[in-house]
Asker: 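Just passing along the structure, written as structure tokens.
This structure is a prediction, so every number in the text was calculated from the model and none was measured.
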Amino acid sequence: MSDRDPADSAAPRTPGLDFIRQRITQDLAEGKNEGRVHTRFPPEPNGYLHVGHAKSICLNFGLAGEFGGLCNLRFDDTNPVKEDTEYVESIKRDVRWLGFDWADREYYASDYFEKIHDCAVELIRKGLAYVDSSSAEEIRAMRGTLTEPGTNSPYRERSVEENLDLFARMRAGEFADGAHILRAKIDMASPNINLRDPALFRIRKVEHHRTGSAWCIYPMYDFAHAISDALERITHSICTLEFEDHRPLYDWCIDNVTLPSRPEQIEFARLNLTYTVMSKRKLLELVRDKHVNGWDDPRMPTLAGMRRRGVPPAALRDFCQRIGLAKKNATIDVGQLEFSIRDELNRTAPRVMAVLRPLKLVIENWEEGRVEEMDAVNNPEDPSAGTRKVPFARELWIEQDDFREDPPKKFFRLAPGAEVRLRYGYIVKCTGVVKNDAGDVVEVRCTHDPNTKSGMPDANRKVKGTIHWVSAQHAVQAEVRLYDRLFKSENPEEAGSFLDDLNPDSLDVIGDARVEPSVAAAEAGSRFQFERLGYFAVDPDAAPTKPVFNRVVTLRDTWAKIAQSEQAARS
RNA sequence: UGGGCGGUCGCCAAGUUGGUAAGGCACCGGACUUUGGAUCCGGCAUUCGAAGGUUCGAAUCCUUCCCGCCCAGCCA
């Protein structure tokens, strides 16, 4: 009854919507579930949430919002050996941060343990479940293989009374872990291995992070999940593709136990990203073995990591909406994520000037001690963001990359004899350089054209480039952390260990960057565009005396592309 | 090899009575620009995993084949 052949429905299709929204639209048209749409996001509290979860969260909460329904937050905490309250706290924080609200509908599978237990008793009474006293190894051996049917357990035909008694004693703690297990009695010859008498309850004499020592038997996912969904009167139980084979079991549970509603499971393809690992096990390994600095390391694909890096939640939501929804295993280009981040930040982030690798620029025809306040636009994309003053003086810091003693073709920046515009300032002409004993350029000398400040008659004079700067005497020293992809290859899991693919240059800490005074005291979490460089966010490590910035993402860099292709052409 | 899914542009993804391939990202041009940013305009699948077949006409129907992913936890 859960098998629906789209072709045999008379209901109209709604082209353009993804298959899940089409299906819900159809269900609504058919008057199913009293017209309700109720979803749930069911994380297991055994790790931190990552972008893949964001896709599911945006889907489940999004659906509820779009169809006037509700979405519950439910912790699937049926395996106490892996779960912890640290994780439930982080999950709540992350879902909230992403922008979703579950109101008072915060549920736990563990809250249903008694009911789930009663469902098991119901199955036993109906002769649909039995206590198997075989060992795990024996059960595995009797399960058969992908091509051979399994064989019935010698305990399969125990009487209802004996099963009831054994199950009660399992619950009472009379047996050791693994001594007995409650199994559904379905079909050991089913081509679907999930139906070969799957486990329903196992003995685990361990503390549960919520129920403490109240239980020593815990339900398995398939059983607990179906029942939890039905108890919460979920209408559409959305999960990932690997559970497709479990749907017959999900339906079996719902159909054979007395429950208040009949949810339907729908599966979609989970998110994969290039240059990223997404499995909880691998992320845990990165954290546990200190390949990164914790779950919230800005290089991690965790929501905590992205939050710390400065990714706006709106960008993540936009990303999840753009990538679409289907059943095809797909790997999205990280560039797609970066696009959503830039798109959001371009509209919202105030612009500011910062110099990452400072090189002194001295304006020879600017009198010592003279300081001029330049007007700078805070956000050209948003006039309401206003303007600010930026101090300009005789000695400035410019970016080392913006000066080349021997400039390549199409280098629109400073070079001996060349002119360049100082953003919001004057046009300057390079008159020479000062070198140290090693021959490195340690200072660039120039003269400014006093008639070229913004608003002045010659301000519109055409010059090839504009560079950013910061006043040497006014700038504030800052630490800037530049992040690159954590892995070297598109698919880090492809061959060998993903650890071998770690990018050794994924973090570059610059200790002596200089930022304009206006951002020195910005609050942790605030985001800026450092003009011509990228988007940056204040890290919580920042101290009043020394700001710390994380690079969220670079700006699109056409010059880098040109330089790269020129280089390629030369070699 | 048994079962379940899937295969439309470099990456996603529409395509739903068979009527002659949306859109986004990326990429390539060009305009504009005091961010080599943004914006704007233009280009980018004679082809839908392959081969046959049905049809006036097929990504959509039929047949066969190929490839990919998932399942043999007392994990979720």
Asker: Give a yes/no verdict on base stacking between B:A76 and A:Tyr221: centres under 5.5 Å, planes within less than 30° of parallel.
Answerer: no
Asker: Between A:Glu372 and A:Lys453 (salt bridge meaning N to carboxylate O under 4.0 Å), is one present in this structure?
Answerer: yes
Asker: Looking at A:Arg204 and A:Trp215, would you say the former's side chain and the latter's main chain have a donor-acceptor pair under 3.5 Å?
Answerer: no
Asker: Who is the Watson-Crick or G-U wobble partner of B:A26, with both distances under 3.5 Å?
Answerer: none
Asker: Given that both distances must come in under 3.5 Å, which nucleotide forms a Watson-Crick or G-U wobble pair with B:G18?
Answerer: none
Asker: Between A:Asn378 and A:Ala385, is there a donor-acceptor pair closer than 3.5 Å when you use the side chain of the first and the backbone of the second?
Answerer: yes
Asker: Who is the Watson-Crick or G-U wobble partner of B:C48, with both distances under 3.5 Å?
Answerer: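 By the stated definition (distances under 3.5 Å), nothing pairs with B:C48.
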Asker: Mind checking who B:U39 pairs with, Watson-Crick or G-U wobble, both distances under 3.5 Å?
Answerer: B:A31
Asker: Need the pair for B:C5. Rule: Watson-Crick or G-U wobble, both distances under 3.5 Å, any strand; none if unpaired.
Answerer: B:G68
Asker: Would you call the rings of A:His246 and A:Phe243 parallel, tilted or perpendicular, taking 30° and 60° as the class edges?
Answerer: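 The arrangement is perpendicular - the two ring planes meet at more than 60°.
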Asker: Are any of the side-chain nitrogens in A:Glu232 or A:Arg40 under 4.0 Å away from the carboxylate oxygens of its partner?
Answerer: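 A salt bridge is absent here (no side-chain N lies under 4.0 Å from a carboxylate O).
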Asker: Relative to A:Tyr108, does A:Arg210 satisfy both conditions: NZ or CZ under 6.0 angstrom from the six-membered ring centre, and within 45 degrees of the ring's axis?
Answerer: yes
Asker: Produce a footprint string for nucleotides 4-9 of chain B: one letter per nucleotide, 5' end first; B if the base is under 4.0 Å from any protein heavy atom, S if only the sugar-phosphate is, - if neither.
Answerer: SSSSS-
